[in-house]
Amino acid sequence: MAESVVLTIATIALIAYLLGSFPAGCIAGKLAGVDIRQVGSGNVGATNVTRVLGKRFGYPVFIVDFGKGLAAVLTAVAITKANRASPAFTDLCVAIATFFSVIGHSYSLWLRFSGGKGVATSLGCLFGINWMAAIAICIVWLVIFQMTKYVSLASVAAAITLPIVVAVTLFFKHLQSPVLLYFSLCLAAIIVLRHRSNLSRLMKGTEPRFARK
């Protein structure tokens, strides 16, 4: 029984990491004839791709990065459902899938363990977990972005809001266990840490506002 649990968790973690590692931004850059890591902010996420290459490349990258997180969560749900797992264990596996898909995106195997900042992938995971919570996070992101035009600030605000929204969702019993709350705190910390250079530039007044091509 214990071996089966460990194998299930390890399988979900590996699949989620590999899904998250898919370097959509770099592939888009190669299709456009540039190394996206050498232009703009140097980030491989959808924001930098859109800023440098325009929405023709940026929007598909966002969709793929979003889809990586969603696929990781749905895979975890499918595996645990096939094994007739308990709701608590399912929540644990979903949390692990979320964590490792974002880790894969941020520290991609194919990019020498570098990568994006995990916002789109995190959002995809959240939609797979609870679409109402995901919409609340989207609203926070949109409000901050429309007010400031800083993608980084909107992303950090959304990340900080994430565990609050999960806590509210748990309070109203839309989640089976508090496992996802603990993992949402870890996820928020990862996203904020990945934006530390942006936060430094925001404090100095040198962070560029988003200008879409």
Side-chain angles (χ1 to χ4, degrees), residues 13-75 97-128 131 134-135 137-138 140-142 144-146 148-159 162 187 190-199 201-202 206-213:
L14 179 60
I15 292 172
Y17 177 79
L18 292 175
L19 283 169
S21 289
F22 183 76
C26 277
I27 292 173
K30 287 183 178 180
L31 291 174
V34 301
D35 184 348
I36 197 65
R37 293 170 294 179
Q38 303 299 321
V39 292
S41 67
N43 191 268
V44 299
T47 299
N48 192 43
V49 174
T50 304
R51 182 180 286 125
V52 173
L53 303 177
K55 61 183 180 182
R56 176 187 172 191
F57 290 95
Y59 289 5
V61 168
F62 175 85
I63 291 170
V64 172
D65 287 347
F66 175 94
K68 295 188 302 188
L70 180 61
V73 167
L74 294 181
T75 298
T98 298
F99 181 78
F100 277 94
S101 64
V102 175
I103 288 294
H105 178 79
S106 300
Y107 304 97
S108 173
L109 175 68
W110 313 113
L111 302 177
R112 298 182 180 179
F113 301 102
S114 62
K117 298 184 178 178
V119 177
T121 303
S122 298
L123 185 61
C125 291
L126 191 56
F127 264 96
W131 65 269
I135 288 176
I137 296 297
C138 287
V140 170
W141 190 96
L142 286 169
I144 300 299
F145 176 71
Q146 288 299 326
T148 67
K149 298 301 180 184
Y150 287 123
V151 173
S152 55
L153 184 59
S155 298
V156 169
L162 173 61
L187 190 60
I190 291 170
I191 293 173
V192 172
L193 285 172
R194 293 292 291 170
H195 282 84
R196 59 188 182 278
S197 61
N198 303 86
L199 293 172
R201 288 193 296 270
L202 281 167
T206 57
E207 175 76 348
R209 296 180 190 270
F210 183 76
R212 184 173 54 195
K213 284 191 173 183

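Because only heavy atoms are used, hydrogens play no part in the values below, and waters and symmetry mates are left out as well, while side chains stay in.
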query = Stepwise, does the side-chain contact (heavy atoms from CB on, under 4.5 Å) test hold for Val156 with Tyr150?
reply = CA-CA 10 Å; Val156 169; Tyr150 287 123; over 6 Å; no

request  = For side-chain contact (heavy atoms from CB on, under 4.5 Å), just list the numbers for Ser122 and Ile191, CA-CA rounded to whole Å, side-chain angles, deciding distance to a tenth of an Å, and then say yes or no.
outcome  = CA-CA 9 Å; Ser122 298; Ile191 293 173; 3.4 Å; yes

task = Apply the test side-chain contact (heavy atoms from CB on, under 4.5 Å) to residues Trp141 and Val151: give CA-CA distance (whole Å), side-chain angles for both, the deciding distance (0.1 Å), then the verdict.
result = CA-CA 8 Å; Trp141 190 96; Val151 173; 4.0 Å; yes

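Under the 4.5 Å side-chain criterion, counting only non-hydrogen atoms from C-beta, Lys117 is not in contact with Ser155. Taking the side chain as every heavy atom from C-beta outward, Phe22 and Ile27 approach each other to under 4.5 Å. Looking only at side-chain heavy atoms (C-beta outward), Phe127 and Ile135 come within less than 4.5 Å of each other. With contacts defined as side-chain heavy-atom distances shorter than 4.5 Å, the pair Leu153/Glu207 does not qualify. A heavy-atom distance below 4.5 Å is not found between the side chains of Leu19 and Ser101. Residues Cys26 and Leu111 form a side-chain contact, since some pair of their non-hydrogen atoms from C-beta on lies under 4.5 Å apart.
The two residues Ala24 and Val64 have their closest heavy-atom pair at CB-CG1, 3.6 Å. Considering all non-hydrogen atoms of both residues, Val49 and Val44 come closest at CG2-O, 4.1 Å. Listed here is the closest heavy atom pair of Leu109 and Ser21: N-OG, 3.5 Å. Counting all heavy atoms, side chain and backbone alike, Trp110 lies closest to Pro23 at CD1-CD, 3.8 Å. Of all heavy-atom pairs spanning Ala28 and Val61, the tightest one is CB-CG2, 3.6 Å. Listed here is the closest heavy atom pair of Tyr17 and Tyr107: OH-O, 2.7 Å.
Separating the CZ atom in Arg209 from the CZ atom in Arg51 is a distance of 12.0 Å, to the nearest 0.5 Å. Here the CD1-CD1 distance, from Ile190 to Ile103, works out to 4.0 Å after rounding to the nearest 0.5 Å. Annotation: the span from Leu126 atom CG to Phe66 atom CZ amounts to 9.0 Å, rounded to 0.5 Å. A distance of 7.5 Å separates CG in Asn43 from NE2 in His195, rounded to the nearest 0.5 Å. The structure places CG of Leu18 at 4.5 Å from CG of Leu14, a figure rounded to the nearest 0.5 Å. In this structure, CG on Leu70 lies 12.5 Å from CG on Asp65, to the nearest 0.5 angstrom.
Asn48 places a side-chain N or O within 3.5 Å of a backbone atom of Ser41 that can act as its donor or acceptor partner. Counting only distance, with no hydrogens or angles, the side chain of Arg194 and the backbone of Gly116 share a donor-acceptor pair below 3.5 Å. Not a single donor-acceptor pair under 3.5 Å links the side chain of Ser108 to the backbone N or O of His105.
The local environment of NZ in Lys30 is sparse, with at most 12 non-hydrogen atoms from other residues, nucleotides or ligands closer than 6.0 Å.
Residues forming a ring pair (Phe, Tyr, Trp, His ring centres under 6.0 Å) with Phe99 (at least two apart in sequence, or on another chain): none.
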